[in-house]
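So that we are looking at the same thing, I have put the structure below in C-alpha cells.
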Amino acid sequence: MKVGVVTFPGSLDDRDAARAVRAAGAEAVSLWHADADLKKVDAVILPGGFSYGDYLRCGAISRFAPVMTSIIERANVGMPVLGICNGFQILCESHLLPGALTRNVGLHFLCTPQPIRIENISTPWTNNFQQGAEIVIPLKNGEGSFQCDDKTLDQLESEGRVIARYVGENPNGSRNLIAGISNARGNVVGLMPHPEHAIDSLTGPTADGLAFFTSVLTAMVGK
Amino acid sequence: MALDTVAIAATTPDQEQPFAALGLKSDEYQRICEILGRRPSSSELAMYSVMWSEHCSYKSSKVHLKQFGEKAPHSDALLVGIGENAGVVDVGQGYAVTFKIESHNHPSFVEPYQGAATGVGGIVRDILTMGARPIAIMDPLRFGEAHAPDTRRVLPGIVAGVGGYGNCLGLPNIGGEIVFDKTYAGNPLVNALCVGVMRHDQIKLAKASGPGNLVVLFGAKTGGDGIGGVSVLASETFGSTGPAKRPSVQVGDPFTEKVLIECSLEIFAEDLVVGIQDLGGAGLSCATSELASGGSGGMRVELDTVPLRDPNLSPEEILMSESQERMCAIVEPHKIARFLEICKKWDVTVTVIGEVTDGDRLIITWHGEVIVDVPPRTVAHDGPVYNRPVARPNYLDGAIADTPQLPKLDATNIAQAILDLISSPNMADKTWVTSQYDKYVQGNTIQSQPEDSGMVRIDERSHLGVAISTDANASWSYLNPYEGAKLALAEAARNIATAGAKPLAVTNCLNFGSPEDPGVMWQFAETVRGLADGCLEMGLPVTGGNVSFYNQTGDVAILPTPVIGVLGVIQDVRLRTPMAFNCEGLDLFLLGATNADFAGSQWAYMHDQRGGTVPVTDLQREMRLIDLLLEGQPIFAAAHDLSQGGLAATISEMVLHHGIGAGLDIPGDLATALLSETPGRVLVAITQSDSQKIESLATKYSIPLTRIGKSGGSTLSINSVSISIETLREAYTQTFPKLFGTEKLG
Amino acid sequence: MATIVVDVMLKPEILDPQGQAVLAALPRLGFTFAKSARQGKRFEIEVDGPVTQAQLAEVSKAAETLLANPVIETFTVRVEE
Amino acid sequence: MATIVVDVMLKPEILDPQGQAVLAALPRLGFTFAKSARQGKRFEIEVDGPVTQAQLAEVSKAAETLLANPVIETFTVRVEE
Ligand SMILES: Nc1ncnc2c1ncn2[C@@H]1O[C@H](COP(=O)(O)OP(=O)(O)O)[C@@H](O)[C@H]1O
Ligand SMILES: [Mg+2]
C-alpha cells in the first residue's frame, strides 16, 4: 500500500514522515506541491515544517497548492489524510478541519517530549492504539494553540472528534487541551505533536508514534 | 551620482578618495595604487576596503593562525583543510563531514533576534557551499551578568533568533553553551556551529576555472544590507545628494535559505557546478575575487545584471552588499539549462552575471563601462598582514597571585553549597533556552542538550554517526591563555569520548578584544600557540574557524574566549554512552585525580574571586583517558565529564536526568572533592559485575580510579547529608524561568 | 500609485496571547493607560492609482481568502490617505 | 473608553520576508493588483477616554520602547475614530 508524503517549499519533516511510513511497512511516495497528480496513493500525509516560511499565517499559502486541490477532492470521498503540525495547520486553512492553530500562549517556539492521550481509536490513523492510551511524542511548534468557537468545540466534543489531548499542563493554550482532531467522517486527522519523530527510541523520546502509521495500514488492508 | 570608471581613474590621478572613512590606512591605499598602477576606481576602492578589512583579511591574526598549518599533525582523515569555506573530514564508509564555527557577535548586540538569526544563516551557507547537506547546528553563547537588565533584552532575542532561523531550516540544534560574565555586557558572543555531510566525491570548492564557464548568482535579491561604509564613499566622493537610507540591520529570510539549500543540493546531485561560493561578508566582492583567484584567474562580470531589491543601489553598493541567502556558482555552458530549470522548480531567483575568462584579471562592468579591472588575488589573498605588538598584560601577575580562598564544606553547609551552585545561572538548567530549539527534525539526533556532546546518525543502515562538542573556559584563558586553549581542547575532546566517539578534527572561534591592544594581542597569540601545540600533541587537525576581534567596551575587553569545537566519529550510535544512569544499583567510579583547583572555577566565580593559577593540562593523560573511555564503552552504563562546577555539578546533573538518586562516600576534604575543577576527570556508572574490568582498564591506561558511590534512591546523599531530588530539581530548574520567563513581545 | 491598507485582527472571542503580553508588560514599564490591548496585522499594498471600487472589491476578496482567516480573524480594507 | 491604534511597519529599507511572501502568493491566486506589499503589526489599545495629548505622548513612548523596535521599525500612533 502506498502513502503519499507531500513536500511544500519549506516542508521539513517530509523525510521523517516517509521514514515512518516505511517503518510501518508501507511504501512512501513523494508528492510535490506543484503537481496535482497523487500517483495512485491510498493515503496522504501533510508533514511538518514552515511551508512558504509560514510568514503570513501557518498553512495559509500552501492551502492553494495544486496538490491540495486533488487532496481535498479525495479526502472528501474518504481517503485517509493525516496532517502533522504544519500539515494540521494546512488542513484547517483548507477547511478540511474546523478551527485554527494560533500562537502558543507562551509566545515561544516549544520543543518538548509531550504526553498525550488517544481519545478516539476509530479513525484510520489511530485504530492500532488502545482507547485512552497515554503516549509521549515530540511537540514542536510556535503556533500550536487550537482555537475555535464554542459551537465548533461542542460539536467536536460531542461527536468524539477530539482524537488526542495533551496530558498534564496545557503546553500552548489549546482549547480543551486539544492535540488532534478529525473531520466528521474520521478519515482526515490533524495532529499537532509529531508521531514521525517517535518511531524509534534511539532518535525519539519513545517509539509510541509508530502506531499512527501502522494504523493506516490496518485500515486499508481491512477494507 | 557620476560613475567612476577605470578609464576615469586612469586620467584623474589626483582625485581625492575617502579611503580613511572606509577603514584603509594610507599605506594600504598606497599599495592599492601600486598594484593597479593608478588610483582605484570607486568600485575598486570599495572592494579592496572591504576585502582588506580585519573581518575578511585576518590581517592581525594571520601571522599567528599559520601555526595551525605549520604545526599540523599528520591526519589521514583531513580531506580539505583550512582556507576553504569549511574543512572536510573523512569519517569512513565513503562519507565526508564538514563543520565550522562562526561568530555574529556585534550584530547580535544591536538587534539580538536578527543578528543571531543571520549568524545561523551564514554558517549554514558555508557548510552548504562545500557540497554538504547541513545536518545540525550548535550555538555557544556568552552574555553579561544574568541579572543585568540588558541581558534580559539580549538573551531572549538571541535565543529566539537562533531558534527562529534554525528551526525554519529544519536543522536540529544539538548543543551549545550559555555562559554569563560581566565582560560580555555590551559584547554578547553569538557563535554558531554547523555540521554537514556528503559523499567524498561531492566535495565542492570555491574556484572559477574553465574559460567560457558561466558565473551564476542565485538566491535572494541584492539589497542595501551592511554597506554603511560604502554609502560614505558614494556620497562623499561623488557629491550625491546624501546617502540613501541603508539598513543598519540585516533581516534574515530562513525560508529563502531553506529553499536555497534544497535547490543547491539538487544542483550538486546532478553535478552541475564547477565551483561554488556563498555570499557572506563582503558579498559579491568576496565571492567574485575568491572564485577567480581560486581558479584560473580571469573573470568578467556584468554588475548591472544583478537582481536588486532596491533599484537605487550604486555599483559600489552592489559589490559590497551583504544581503543574506545568496550563492554564486560557476557552471559549464552546456549545463546551464538544467541549472536554471532546478532553480525554477524551487522558485529561486537566478541570473547569469558573467563568465570565466582566460585572462588573469577580474573585470566588472556597469552598463558596458569597465568599473573594476584588478588581479583578483590582490583583492582576495594579498591583503595587508600585521605583526601587531604583543605584550603580556599588566593584570596578570596580580591576578595569578590572587589565589582563591578555599571553601570550607562540612555536613552543615554542603547541601546549601550544592543548591547554590546548581541554581547559579552558569550552572542551572538551560531547558528554558533549548526547548525553543527543534532537536528532533531530520530524525537522526541521537544526543542533544543536556548531554556532554551532540550526536547525529549519518547512516541509517550502518549506524555510523558523528559527535561534536564545543567548549571554552574563558576564566582560565584570562589567567593563562596558553593553558586555557589546551584545556578547552581537552575538554571538548573528552566530551566526545565520554559518549564513545573518537575525536577526529577541530574547529574554533576565537573571540577577543581589540587587536590594537598589545595585551589582547598577547592573549590571542598565546591562545593560538596553545591550541596549535595541543592539536599537534593530540594529533587532531584544525580544519577551520573564525576570529572575532574588537569585542570590548571602551578599554575593557571581554575575557579571551576561544570556543573550541571537536568532531568525533562513532561506528555504531546505538552503542553510545549516555550522560546519566537510568537504573539503580550501579557503581559510580571517578576516573582521574582531583587536586584543589579553584582558580577560574564556578565556585570562585560565584564568590567573585577571579584569580589564581590555572591547572596545567596533561594532554598525554587526556589522551589515555580518551582511549580508556573508547575501549571501556561497552561496560559504561553512563559517563559524564567533570568540568564547570566539578563533581557536585556532574552528579547533580546525572541524578536529575532520570530522577534516580545516588549515594556518594567521600573521604578527605569535601570542598575539593565536590567543587574543584581539576581537568581530566569523568564519572562513569557500571554494573557491579564489571568492576574487575574497569580496574584493569584504569591500570592499563594509568588513570587514577576511585569508587565513589552507587546509583539509587530518591536523594542525592553525600556522606551523612541527603538532598531530595525535588529540592535539587527546584534549585536547578527555577533559575532561567525566573530570570527570563517574562514574555517577549513580537 | 496608491496604498491600500488591510487591517486584520483576531476576533474578540479568540485568545490573543500577544495582546495579553502587551497588556501585562505595559504596567511593568510604568505605563498605566491601557485597559485592554490586542495585536493584529497590517498589510500595506501598493496598487496603480487611482483606486477603483472594483480594485477595492478585489482586495477584499484577497483579504478574505488569503490575508485573513475568517475562522478566527476579521479584516478591514481602506485606501490610505 | 477610546481606542488608540499603533501601527508598526518595518522601515522601507529593511527586508520584509512576510510582505514578499504575500506579494508572491497574490498572483498565484489570480490577484494581480499588487505592485508591492509590506506586512506590519497593528495594536489596538483601549484607554479611558477622552484621549488627552498627554496620554497620546505616553502611548508614543510605550510604542517606542515596547511595541516597536526602533532599530528596524517605524510606528504611528492615532486615536481610532
Ligand atoms: N546555547 C545552547 N544551545 C544548545 N544547547 C545548549 C546551549 N547551552 C547549553 N546547551 C546544552 O546544555 C548542556 C549543558 O551545558 P553546559 O553546562 O555548558 O555543558 P558542559 O558542562 O558539558 O560544558 C549541553 O548539552 C549543552 O550542549
Ligand atoms: Mg561537558
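The sequence lines fix the lettering, A, B, ..., with proteins before strands; numbering per chain opens at 1.
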Evaluate side-chain contact (heavy atoms from CB on, under 4.5 Å) for A/Phe213 paired with A/Glu196, printing each intermediate quantity in order.
CA-CA 8 Å; A/Phe213 305 94; A/Glu196 81 284 15; 3.8 Å; yes

State, with a plain yes or no, whether a side-chain heavy atom of A/Asn176 is found less than 4.5 Å away from one of A/Tyr166.
no

Contact check, side chains of D/Phe75 and D/Phe43, non-hydrogen atoms, under 4.5 Å
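No, their side chains stay 4.5 Å or more apart.
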
Please check if atom CD in A/Glu73 has more than 12 non-hydrogen atoms from other residues, nucleotides or ligands closer than 6.0 Å.
no

Using non-hydrogen atoms and a limit below 4.5 Å, what part of residues 34-70 of chain A faces chain D?
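Against chain D, the residues of residues 34-70 of chain A that fall inside the cut-off (heavy atoms, under 4.5 Å) are A/Tyr52, A/Tyr55, A/Leu56, A/Ile61, A/Phe64.
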
Charged N to carboxylate O below 4.0 Å: is that the case for A/Arg161 and A/Glu119?
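No, A/Arg161 and A/Glu119 are not salt-bridged.
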
For a quick check under 3.5 Å, do A/Ser145 and A/Gln147 share a side-chain donor-acceptor pair by atom type?
yes

